[in-house]
Structures are given as C-alpha cells and as structure tokens.
Asks: 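The structure under discussion is supplied below as structure tokens; questions concerning it will follow.
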Amino acid sequence: MKKCCKLFLALLSVCGLALCLTGCYSDKPVIYLSPEEETEVTVTLDFSGTLTCTYPQYENGWTVTAAPDGTLTDAEGQTYRYLYWEGVGGVTPDFSQSFCVAGADTAAFLEDALEQLGLTRAEANEFIIYWLPQMEDNAYNLISFQGENYTEQAALTITPEPDTVLRVYMAWGALEEPVDIPAQTLTATEREGFTVVEWGGMKAW
C-alpha cells in the first residue's frame with residue numbers, strides 16, 4: 001500500500017494524471033430500488049473485475065419485489081434494505097479533479113458533497129457511517145467522485161427500466177500532506193418516477 005501511495009504522489013506532482021494502480025482497491029456499492037408501486041425488478045451487473053461478495057447472493061442477477069418505501073423482498077420472503085456487491089480489479093479511479101480534505105473535516109465535507117450529488121439524508125447517513133471511520137483520523141484525504149470511468153466498468157441493466165438512475169461513487173486515499181488540485185463540480189440528478197440510487201466507493205491506497 002505504501003508503494004501505491006508513493007506512486008500516486010509522484011504521478012500527481014508531475015502531471016496530475018489519473019491514478020492507475022490495478023489491484024490496490026476494491027469496490028463496495030449498495031443499490032436502492034424505489035418504484036412508484038410494488039414491482040418485480042431484475043438487476044444485472046456487468047462488472048469488469050471480479051465479484052468477491054454479494055448480498056443477497058448474486059446469481060446471474062438479482063430479482064426482487066421492490067416496494068415504494070424501498071423494501072426489497074426475495075422469492076423466499078427475506079427482506080433487504082438494498083442490494084450489496086463487492087469486487088476487485090474492475091475500476092481505475094481518476095483523481096485529476098478532486099478534493100483534498102483534512103481528516104477532521106471529512107464528515108462535514110461528505111454531508112455537503114452528498115447533498116449536492118442528490119443523496120437523501122438517510123442515504124448520505126449510511127454512506128458516511130460506512131466510510132467515515134476509515135477517513136476521519138487521516139491527516140488529509142484526497143476524494144474524487146467518479147463518473148463514466150466507474151459506470152462503464154460496472155454497468156447496471158435494470159428491468160423494468162427506471163425513470164431515474166443516480167450513481168454516486170467515491171474514490172479516496174489518505175495523504176500525509178495537502179495537495180493543490182483542480183476541484184470537481186458536483187451536480188445532482190432530479191428524481192422522478194421509479195428511482196434507482198447507488199452509492200459506493202473504493203479506498204485507492
């Protein structure tokens with residue numbers, strides 16, 4: 001991991017290029033399904049890496065009955081808050097536009113950033129609870145919310161097709177010193193109709 005961090009800092013100081021550290025990270029997203037009425041929904045994931053954990057079990061896809069409040073029920077009657085998957089080796093994060101945030105300021109930063117990206121308070125709360133314990137004690141965190149380089153390597157096919165898809169995916173790594181880097185512009189997708197929300201992230205080093 002120390003080698004990964006040193007390589008990243010070298011790349012960043014020279015030209016600010018995308019981070020290319022295959023094998024130094026894992027992906028950990030969750031997927032919420034919120035139709036307007038109770039609906040059977042099938043979700044398939046085309047991930048370019050290797051899945052290491054899924055819950056409920058992913059078997060050529062997930063098929064659940066989704067309620068308007070987001071409750072998911074499988075064929076055996078078991079209920080879930082969301083679909084979870086974890087994988088390695090699929091996504092190369094891009095830090096060319098990022099945020100350098102002091103560890104002590106990470107909670108406040110994430111609250112603001114996730115609101116700008118369109119997550120509800122409940123969704124943002126679950127996101128922050130998952131990632132904050134790994135981030136707040138670092139001197140600094142370099143944070144970048146990924147776009148097409150994530151969604152193209154972890155493509156979702158959802159049937160029936162949702163009206164709104166919101167995918168928020170954070171790549172981050174700890175730094176001992178701050179860096180000066182162009183900041184991202186964060187925008188939100190307006191929600192309407194059958195809405196699918198995914199949040200996830202990777203620790204890049």
Side-chain angles (χ1 to χ4, degrees), residues 26-88 90-91 107 109-135 143 145-172 186-203:
S26 63
D27 308 277
K28 301 176 185 293
V30 301
I31 303 167
Y32 306 85
L33 308 173
S34 300
E36 293 184 292
E37 59 185 26
E38 190 172 283
T39 305
E40 183 176 274
V41 180
T42 297
V43 179
T44 58
L45 170 66
D46 183 10
F47 180 54
S48 59
T50 301
L51 293 177
T52 56
C53 181
T54 61
Y55 187 75
Q57 185 67 36
Y58 183 88
E59 297 177 358
N60 299 316
W62 291 285
T63 297
V64 294
T65 298
D69 68 356
T71 300
L72 310 179
T73 306
D74 66 16
E76 286 71 44
Q78 180 65 274
T79 60
Y80 307 87
R81 176 74 181 102
Y82 44 67
L83 308 174
Y84 172 83
W85 66 272
E86 180 176 330
V88 295
V91 179
F109 167 80
L110 290 177
E111 288 174 349
D112 180 62
L114 296 174
E115 181 179 7
Q116 292 184 60
L117 289 166
L119 294 192
T120 66
R121 179 58 190 147
E123 293 159 356
N125 185 63
E126 292 183 338
F127 182 109
I128 292 168
I129 287 172
Y130 187 92
W131 289 110
L132 185 62
Q134 304 177 53
M135 303 175 75
I143 299 170
F145 294 96
Q146 304 297 294
E148 290 183 358
N149 60 307
Y150 167 67
T151 58
E152 291 179 354
Q153 300 301 313
L156 294 177
T157 301
I158 302 167
T159 306
E161 185 176 353
D163 300 297
T164 304
V165 178
L166 174 60
R167 305 184 73 185
V168 175
Y169 188 83
M170 176 184 72
W172 70 278
L186 304 180
T187 59
T189 299
E190 184 176 352
R191 301 187 187 202
E192 59 180 8
F194 173 21
T195 298
V196 174
V197 176
E198 178 192 61
W199 65 251
M202 65 164 68
K203 183 179 181 181

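We count residues from 1, following the sequence as given. Predicted, not measured: the structure shown is a model, and the values here were computed from it.
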Asks: Kindly determine whether T65 and V41 satisfy side chain to side chain contact (heavy atoms under 4.5 Å, CB included), including the steps that lead there.
Replies: CA-CA 6 Å; T65 298; V41 180; over 6 Å; no

Asks: If you look only at pairs with a residue in residues 34-47, which of them pass as a side chain to side chain donor-acceptor pair (under 3.5 Å), with sequence neighbours excluded?
Replies: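 The answer is T42-T63.
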
Asks: Residues in side chain to side chain contact (heavy atoms under 4.5 Å, CB included) with P56, at least two apart?
Replies: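 With neighbours one apart ignored, the set is W62, Y80, L83.
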
Asks: With sequence neighbours left out, what residues match F47 under ring-ring contact (aromatic ring centres under 6.0 Å, His included)?
Replies: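 Checked F47 against ring-ring contact (aromatic ring centres under 6.0 Å, His included); matches are W85.
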
Asks: Rounded to the nearest 0.5 Å, how far does CG of L72 lie from CG of L33?
Replies: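 One finds 5.0 Å between CG of L33 and CG of L72.
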
Asks: May I ask you to check whether over 12 heavy atoms, not counting those of E148, lie within 6.0 Å of atom CD?
Replies: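 Check fails, neighbour count at 12 or below.
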
Asks: Could you list all the side chain to side chain donor-acceptor pair (under 3.5 Å) pairs where at least one residue sits in residues 48-61, not counting sequence neighbours?
Replies: S48-Q153

Asks: Might you point out which heavy atoms bring W172 and M170 nearest each other, and give the distance in Å?
Replies: CD1-CE, 3.7 Å

Asks: Would you say the side chain of T164 lies within less than 4.5 Å of the side chain of T189, judging by non-hydrogen atoms?
Replies: yes

Asks: Say you draw a straight line from NZ of K28 to OH of Y169; how long is it, rounded to the nearest 0.5 Å?
Replies: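 Those atoms lie 9.5 Å apart.
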
Asks: For residues 109-119, which side-chain donor-acceptor pairs fall under 3.5 Å, sequence neighbours excluded?
Replies:
unit_1: D112; atom_1: OD2; unit_2: Q116; atom_2: NE2; d: 2.8

Asks: If you look only at pairs with a residue in residues 189-199, which of them pass as a salt bridge (Lys or Arg N to Asp or Glu O under 4.0 Å), with sequence neighbours excluded?
Replies: E123-R191, R167-E198

Asks: Could you check whether any side-chain heavy atom of Q146 comes within less than 4.5 Å of a side-chain heavy atom of M202, counting everything from C-beta outward?
Replies: no

Asks: How close do A66 and P35 get, counting heavy atoms only, and between which atoms?
Replies: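 Smallest interatomic distance, heavy atoms only, reads O-CG, 3.4 Å.
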
Asks: Are any of the side-chain heavy atoms of W199 and Y32 separated by less than 4.5 Å?
Replies: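 Result yes, sub-4.5 Å side-chain heavy-atom pair found.
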
Asks: Got V196 and I31 here, is their nearest side-chain heavy-atom distance under 4.5 Å?
Replies: yes

